[in-house]
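Here the structure is laid out as structure tokens; the discussion comes afterwards.
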Amino acid sequence: MNSFSYQRAGDIASALQQIREPGAKFIGGGSNLLDLMKGGVERPVLLIDINQLPLSDITVKPDGGLRIGALARNSDVAAHPVVRGSYPLLTQALVSGASPQLRNMATVGGNLLQRTRCGYFYDTAFDACNKRAPGSGCAALDGQNRNHAIFGASPQCIAVNPSDMSVALSALDAVVNVEGPNGARSIAIADFHRLAGDTPERDTNLAPDELIVSVDLPRSRFGDHAHYLKVRDRASYAFALVSAATAFDLDDGVVRDVRIVLGGVAHKPWRAHAAETALRGQPFNADTRAEAGRMAMSGARPYAHNGFKVELTRRAVERSLALAGGVQ
Amino acid sequence: MSEKKHAISSPIDKQESITWSRVTRRTFLCSAAAIMAFVGAAGRLRAATSMTGDQRAMAMAAADPVANYVAPVPMTLQVNGQQHQFLAEPRLTLLDALRETLHLSGTKKGCDRGQCGACTVLVDGRRINSCLTLAIMHQGQNITSIEGLAQTSSATPTALNTTASNISQPVLHPLQAAFIEHDAFQCGYCTPGQLCSAVGAIQEMRDGMPSAVTQDVKAIQTTFSDAEIRERMSGNICRCGAYPNIVAAMRTALIKST
């Protein structure tokens, strides 16, 4: 790990002042940042410890929604009675990620900013990685790309976002609240993460001098029918090959509204709009679930080693919907 | 509470005992090399005008780690009920602080990247990976390492041992006793992490925290299957494959504690 200076932020205003120092980064749980620093991928010259900021609370808002502080630990969010009761999808996604030790450290804000686990990004022995060294190329394009994107990739980068939590937050229409030098702003979760495009070095639309302060969830609509299905190489403690967050509400057996969001398949949580459209207003049964699975794969474009993800994801969507609907 | 002061431990101090007013051959060569490297790097980086301030700062640091060396700062850690004061670089991980600075080498370094769990310790009662966090971030918190799990208590004098009425001897933590009872280790390298993790896991179960194999996350569980124990211990890898015995030990400890 490179040498760096360390400061503690006493309040949000000073944190925003401290982050203006060139080469400065915020540290919360540190479970991703320190790992990247040990690998030489990140080399901050100043770390600003934000753990003293009062951003750990989880509170029910007057409008019935939920505000989750950016420093709330993943394990605390997963175990929170309101999250478990009204947003079980979020609990399922959180407990499927990392290990209990890491969930005790990792924050909600940090999880949103988790960087890709693409091996070529992580290992500095490879020269070509546009995300790590813009303009150097993409080693995964013609390399080992079993774990890579099948949706929305660009010739510059075919890495995927590794977060389970962000997939659930996308299905729950979350809003990310941030503060920066020009004041506060709110970013819809769909606009928070970016597709790689020509700037794969930018994972999100958060500016380098902005701080995530909280995540808002609207009043729960899908508490009764939701499921996070994660498919991975081993039973636990592994990143998703693919995952499917499904959530819907039923009106006399007919799907009124639905969210289908996929993980492990794109540079950001991938909302399957075509599948949602196919299911909305339809009776909830095996045929409509299968059709949703097929529609979810519209536009899929696999690479040399990840063709299996197309069929796997189609089945994951179908099964996740069934489990969300209580069909075993 | 007792307090321990530790000698300054930093790479420079380890090289040899020096006073800052005295220039030795070694310190002179190090500084000269640092200055030359810095001048060279600064020249190259000034030419790269397309860089942002951030990129330039990070590239400068990368180009010249010696010139960007950050000196040790004072830290205070409370480990196993004992307060320790020492000087260390901000980049010192909690794991390295325990092992290298405080010489509590029971906590093990496996992968050093948060993938194996050998470095698991308890901070304010919660289990974390000590390799992926900085020592400086945990001042004022109660850190428990494997050395602090056993309780020291006064032994009850027996008829045969009347002379030693005040002998202190450690009483194993129930999980340590259960690990021995069930032969829950082979080489033992992962065991300190397994034990600290198991203590944390059982507390999490008592607190009703859900896991990835919890059937209904809306309901608070009161009983736990072996599948629950395995899932909750999945952050600790054992190359000897002592898993069935670790699960058995935890099952025993869970039953005894409820």
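So that the names make sense, note that chain A is the first sequence line, chain B the second, and so on, each numbered from 1. Worth knowing before you read on, the calculation uses all heavy atoms, side chains too, and leaves out hydrogens, waters and symmetry mates.
Using a 4.5 Å heavy-atom threshold, the side chains of B:Arg113 and A:Tyr122 count as touching. Residues B:Met137 and A:Tyr6 have side chains in contact (heavy-atom distance under 4.5 Å, counting atoms from C-beta outward).
Of the atoms belonging to A:Asp35, heavy atoms from both backbone and side chain fall under 4.5 Å from chain B. Heavy-atom distances place the side chain of A:Asp49, and not its backbone, under 4.5 Å from chain B. If you measure heavy-atom distances from A:Ser86 to chain B, you find no contacts under 4.5 Å at all. When heavy atoms are compared at a cutoff of 4.5 Å, B:Thr93 approaches chain A solely by way of its side chain, counted from C-beta outward. Contacts of A:Arg73 with chain B are made by side-chain atoms alone, with heavy-atom separations under 4.5 Å and no backbone atom involved. Contacts of A:Thr91 with chain B are made by side-chain atoms alone, with heavy-atom separations under 4.5 Å and no backbone atom involved. Contacts between A:Glu21 and chain B at a heavy-atom distance below 4.5 Å involve the backbone alone (N, CA, C, O). Interface remark: A:Leu94 contributes no atoms to any contact with chain B (heavy atom separation under 4.5 Å).
Note on B:Asn236, B:Ile136, B:Asp207, B:Thr120: by heavy-atom pairs under 4.5 Å with chain A, the leading option is B:Ile136. Per-residue counts of heavy-atom pairs under 4.5 Å with chain A were compared for B:Ala71, B:Ala219, B:Pro210, B:Ser211; the largest is that of B:Pro210. With chain B as the partner, the residue from A:Pro208, A:Ser96, A:Gly39 showing the most heavy-atom pairs under 4.5 Å is A:Gly39. In terms of non-hydrogen atom pairs under 4.5 Å with chain B, the most contact-rich of A:Arg84, A:Lys230, A:Met1 is A:Arg84. Between chain A and the residues B:Val213, B:Thr133, B:Val73, the largest count of heavy-atom pairs under 4.5 Å involves B:Thr133. Counting heavy-atom pairs closer than 4.5 Å to chain B, the top-ranked of the candidates A:Gly40, A:Ala78, A:Ser75 is A:Ser75. Among B:Thr214, B:Val217, B:Ile220, the residue with the largest count of heavy-atom pairs under 4.5 Å with chain A is B:Val217.
Here the CG atom belonging to B:Leu94 is positioned 11.0 Å from the CG atom belonging to A:Leu34, to the nearest 0.5 angstrom. Atom OG of A:Ser99 sits about 10.5 Å away from atom CE of B:Met233, to the nearest 0.5 Å.
Proximity to chain A among residues 123-132 of chain B is limited to B:Arg126, B:Arg127, B:Ile128, B:Asn129, B:Cys131, B:Leu132, judged by heavy-atom separations below 4.5 angstrom.
By the side-chain hydrogen bond (donor to acceptor under 3.5 Å, both in side chains) test, A:Thr107 is found to be paired with no residue, residues two or more places apart in sequence or in another chain being considered.
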